[in-house]
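Index from 1, following the sequence.
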Amino acid sequence: MFDTLSTQIGAGLTLLVVAFAFLKGDDPERIAAGGYVLSWFASLLIQGDGSVTGTQWGLMALDAIMLAVFIALAWKSDRAWPVWTAALQSLTVMSHVLTLVDIRPPVSAFYAVINLASTGILFTIAVGTFWAWQERRAAGLE
């Protein structure tokens, strides 16, 4: 699970962004960070480590749920970052759809898209949290 340096760095980055969102963000940032970390833990539990071919139905359902959460945040929030987050999550869902319709992308390309989209999602949550924090500071609320 966390046996390589890259997975440990990714886990540390994830926990730092989630902690930043919970400490300095508003409700949309906290909802996105909470959903992200919950889906991250759930994906660790339901992923099939031995299967590199075929559709992983549990992960596809989990990513589709997260897409719905990010779309709802984009719809209800007056901020711009949830739109980018939903767009990046849709890349992840479409990667699962490619395996579903049997296009058979190389497994390295599949994981590259998912990892880059996840890193982008963390980046958008961090940027959104920073903007919310700065807006509160400029208004004198913090």
Side-chain angles (χ1 to χ4, degrees), residues 1-139 142:
M1 206 162 32
F2 299 111
D3 53 348
T4 64
L5 182 62
S6 61
T7 57
Q8 293 169 359
I9 290 171
L13 178 70
T14 299
L15 294 177
L16 281 174
V17 170
V18 168
F20 179 57
F22 278 126
L23 291 174
K24 298 294 182 181
D26 290 334
D27 286 340
E29 290 82 15
R30 289 179 182 148
I31 290 169
Y36 186 88
V37 77
L38 283 176
S39 70
W40 179 54
F41 282 131
S43 69
L44 290 175
L45 294 174
I46 64 174
Q47 71 183 350
D49 288 331
S51 65
V52 294
T53 59
T55 304
Q56 293 188 11
W57 293 100
L59 289 178
M60 184 176 176
L62 186 63
D63 286 334
I65 290 168
M66 283 309 300
L67 177 60
V69 168
F70 291 143
I71 287 173
L73 275 175
W75 190 339
K76 295 294 182 182
S77 177
D78 59 348
R79 295 175 169 94
W81 68 266
V83 176
W84 289 97
T85 306
L88 289 166
Q89 185 66 27
S90 69
L91 285 174
T92 302
V93 172
M94 288 310 296
S95 295
H96 288 294
V97 171
L98 284 177
T99 63
L100 178 67
V101 296
D102 204 22
I103 293 199
R104 296 184 190 181
V107 73
S108 60
F110 175 76
Y111 287 127
V113 168
I114 290 177
N115 288 332
L116 287 172
S118 296
T119 304
I121 289 170
L122 279 176
F123 178 74
T124 58
I125 292 171
V127 167
T129 302
F130 180 77
W131 285 344
W133 177 39
Q134 293 304 308
E135 287 174 3
R136 278 198 320 277
R137 286 185 67 197
E142 187 170 302

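Residue M94 holds its CE atom at 12.5 Å from CG of D63, rounded to the nearest 0.5 Å. Between the CD1 atom in I65 and the CG atom in L38 there is a gap of 11.5 Å [rounded to 0.5 Å]. If you take CG on L73 and OG1 on T85, they are separated by 8.0 Å, rounding to the nearest 0.5 Å. Going from atom OG1 of T129 over to atom NZ of K24 covers 11.5 Å, rounded to the nearest 0.5 Å.
For residues 111-136, the pairs satisfying salt bridge (Lys or Arg N to Asp or Glu O under 4.0 Å) are D26-R136, R136-E142, with sequence neighbours left out. Applying the side chain to side chain donor-acceptor pair (under 3.5 Å) definition to pairs two or more places apart or across chains, those involving residues 29-46 are E29-R79, E29-W81. For the ring pair (Phe, Tyr, Trp, His ring centres under 6.0 Å) condition, the pairs that include at least one residue of residues 86-110, sequence neighbours left out, are H96-F110.
The side chain to side chain contact (heavy atoms under 4.5 Å, CB included) check on L100 picks up T55, W57, M60, with sequence neighbours excluded. Applying the side chain to side chain contact (heavy atoms under 4.5 Å, CB included) test to W84 and every residue at least two apart in sequence or in another chain returns T124. Judged as a side chain to side chain contact (heavy atoms under 4.5 Å, CB included), and not counting sequence neighbours, the contacts of I9 are L5. Contacts of S6 classified as side-chain hydrogen bond (donor to acceptor under 3.5 Å, both in side chains), with partners at least two apart in sequence or in another chain: T4. Shown here are the side-chain hydrogen bond (donor to acceptor under 3.5 Å, both in side chains) partners of R137, two or more places apart in sequence or in another chain: there are none. Residues passing the side chain to side chain contact (heavy atoms under 4.5 Å, CB included) test with V83 are A74, sequence neighbours excluded.
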Does the pair L88 and L91 meet the rule for a side-chain contact (heavy atoms from CB on, under 4.5 Å), with working shown?
CA-CA 5 Å; L88 289 166; L91 285 174; 4.2 Å; yes

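Closest of all the heavy-atom pairs between S95 and V113 is OG-CG1, 3.1 Å. I125 approaches A21 most closely through the heavy-atom pair CG2-CB, 4.1 Å. Considering every non-hydrogen atom in both V18 and A33, the closest pair reads CG2-O, 3.9 Å.
Around CZ of F130, the count of heavy atoms belonging to other residues, nucleotides or ligands within 6.0 Å does not exceed 12.
L13 has its side chain within reach of L122: a pair of non-hydrogen atoms, C-beta onward, lies under 4.5 Å apart.
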